[in-house]
Amino acid sequence: MSMPLSQLIELTKQMHILYVEDNEDARTFTLEMLKRFFNNITVAENGQDGLEKFKTNTFDFVLTDINMPKMNGLDMITEIRKLDACIPAIVLSAHNEANYHTEASRCGVNHYLAKPLSVNDLIQTLDMMLTDRSLSTNKASLV
Amino acid sequence: MYKERSVGIGHKLGIGFFFITLLSSIIGIVSIYAIFELSQSTEKIHAHPHEISNATRNIQIEVMKIDAAMTNIVNESSSFIDHSSFYDANESATAFDIKVAISKIDRAEHNVLREFEIIFEKYLGDKKDIDNALNIFVAWKPIRDKVIHLLQANKTKEAKKIMQDVGVNYNEKIYDSVYDMMSFADTTAENFIHNAIEKKSEILFFLITFILLVILGSITTALIIIKDITVPLKALLDVTNTISNGDLDVSHNKEIQALLQRDDEIGTLVKSFEKMVNVFVTPYSNIIKSKRNLKEKTDELRRLLDSFDEHVIASKTDRAGRIIYVSKAFSKASGYTKEELLGEMQSIVRHPDTPEKVHEALWNTVQSGKAWHGELKNKTKDGGYFYIDAHISPDINSKGKTIGFNAINQDITAKKRLEELFLTLEKRVTEEIAKNKQQASHMLQQSRLAQMGEMISMIAHQWRQPLASISAISGTLNLDVMMDDYNKEFFQERLEAIDELAHHLSSTINDFRDFFKDGKEEEKSSLTEIVDSSLKIIMPSFSNNNITLDNDTKENVTLMTFPNEVKQVLLNLLKNSEEAMEEKKVDQGKVWIKGFVQDNQAVIRVEDNAGGIPDGVIGKVFDPYFSTKTKKDGTGLGLYMSKTIIEEHCKGRLALKNGDKGAIFTITLPLEAT
């Protein structure tokens, strides 16, 4: 980890993320944890919903489940990529198989996290993301 | 038609031949006689005059000698010269001369007498002539003696006178009589020749006649033979030819009719022949009439025999057991050709499996003149086998001697195989049952495993959410600790929540574990409990898949059954509905469960709106290993095992039909213990 946790949270708190999850129970407790990191969380219940919300908002990154009705997470990301090629996309999945990873990265997924969401995994991923960002020329959104 | 009273052929022939023989004999005899006679005549002819003339000449000579001698001695100047004497005519007659003359005369006399004897012997004429001549001669002697005497007494003149008077006479007389004899002899000779010639003509004529007669007789006899024997024989021959061509109508034959009239041997023969033919006419006509029938019957019989030959396994052996006949069926069954079997011992087809005792018993039975009946195993040419039901009997001839053995058999190989099969049948059935049991238990095990797999995945599914929640909560709490942001109340709440979630996890385990407890005995169960337990398992999954459930189960229904097994079946049905809805992408899936009592039976009815099962498939859904799931992770055992469990273990029924919305499964269970 490149920075202390408090510093990380300071940075993430300012982010606006899109969180897509169809299961209500899962959403409840995960949101609680996410709120420790992000102040602005837009929740969508499925891929369709998520896509709509993406079009009408600006997000720092997308956090999505895969298996959802109406439109699954990967399809949604594929659509989002058509609109924004750079935005980081993180998928949460109950499955943990190699071919899912391959397919996911083909759709433009940046990070793959297993369910149940582990807080340490999240911290590591956010750290990586921020480091990438700091390295990239686009610093406007950070400040 | 007149009756020919004819003499028998034999008689005719006899007579004919007799006559021929007789005539021939006569000819022979006559010929002999004639030859004899002719020869005799010839002889006589030859002899008589010749001898007579010789004799007479000799007599003349001797008489001349006597005369000469006498003259000599009488005449001193006699000039009779006889070449045969030494007498000299110019000498005068002395006493000596007289003596010589006497001896000459004696000698001559002797000769004459001798000649006369010869003539006597041979003269063919009247012997009186000879007597005459002889008498004359003899009468001369005394005169001569007187003369001699006178001469001796020198009474020459007296002697001469007597000589001149008488002596000359006698000389002439003798000459004449001798000459007569000679003439007679000559005449006789001539007569003889004539006779001979005549005789010869006679005999010749006679012989010619007789020869002609003989020829005639032979011809006649021949003709008799031809007429009486050959002609009828030819007629008979013609008739026999006619008969041999099938025409038995002898009575109308004219020739035969004629022959029948005869009294002789031929007549008898033909009568006999006709009788013989008549004996055969009726039966023969009958035979001709039924000839066609016979042919048909013969053909029928032949076909029957061919059929037997074809299908009956039969054989014949000689006394020693050597095969002398086999039927076609035998040949076929044994694999050997007829040629290969003929001449071989019966034991060529003996199979080593047949015990020696059987063969011994067989042999002893048939040897004692009785028939043997039993089953035998025989060996084929290529080492295979065939069974026969054999009937072997001794072949006894009319004299009571056993000349061989006959066997008539039936092929019972098929029957035997069936018997063998039958014996092993029980064993095989037991084996099959064991195999089936094994199969069933294998299937059951597979089903169990499949179910377990399903259960595990269901558990996993149900655990995922609570685990995720626990994880999220612990993560949050962890973060707060890391951020040093404690809230006692918050922590307590959340830890209680974890507790509750853990509890939930545990109850899920319990729920599922109960499913796997198979009751060994039927127990008193509540219908609602069964339904609710199953629903509890499946509901999380249902709600996840947006499937609603309508449960209408009657309360207070108890039944004696295996509750866990029924729960498993119900769960299987619900799962199938869920999967069907997922496959067919049914939007608002719904399942109706109805539990009630009907006809003293508990009924659980499960209906869904997944569209039902296609008609072509609905009959096979209860087959093991049958699946309509496109996701090929299904082992397809579910419905087969469900049916087996309900029907065989729980003694109930599991039925399926298509409703208007989807499939309707009906579980029927007896209320009372079975």
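Each chain gets a letter, A, B and so on, in the order its sequence line appears, and its residues count up from 1. Keep in mind that this is a model prediction, so the values were computed, not measured.
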Quick one: what part of A:I9 sits under 4.5 Å from any heavy atom of chain B, side chain, backbone, both or neither?
-> side chain

At their closest point, which heavy atom of B:S471 faces which heavy atom of A:P116, and how far apart are they?
-> CB-CB, 3.4 Å

Enclosure of B:E529 CD (heavy-atom neighbours >12, cutoff 6.0 Å) = yes

Does a sphere of radius 6.0 Å around NZ in A:K13 hold more than 12 heavy atoms from other residues, nucleotides or ligands, not counting ones at 6.0 Å or beyond?
-> yes

Taking every heavy atom of B:T476 against every heavy atom of A:F29, the minimum-distance pair comes out as OG1-O, 4.3 Å

Separation between CD of A:E24 and OG of B:S543, rounded to the nearest 0.5 Å = 11.0 Å

Can you measure from CG (B:L477) to CZ (A:R36) and round to the nearest 0.5 angstrom?
-> 8.0 Å

Sequence neighbours excluded and cut-off under 3.5 Å, please list the side-chain donor-acceptor pairs for residues 611-618 of chain B, or say none.
none

So which residues of residues 658-667 of chain B are in contact with chain A at a heavy-atom cut-off of under 4.5 Å?
-> none

Pairwise distance OG(B:S474) to CE(A:M33) - rounded to 0.5 angstrom | 8.5 Å

Closest non-hydrogen atom pair, B:Q465 against A:N23 | OE1-OD1, 3.6 Å

What is the distance from atom CG of A:L5 to atom CG of B:D484, rounded to the nearest 0.5 Å?
-> 11.0 Å

Should we count NZ of B:K584 as having more than 12 external heavy atoms under 6.0 Å?
-> yes

Counting only heavy atoms not in A:K53, do more than 12 sit closer than 6.0 Å to its NZ atom?
-> yes

Check: A:I123 and B:M482 side chains under 4.5 Å, non-hydrogen atoms | yes

Can you tell me how far the CG atom of A:D22 sits from the CG atom of B:N544, to the nearest 0.5 Å?
-> 7.0 Å

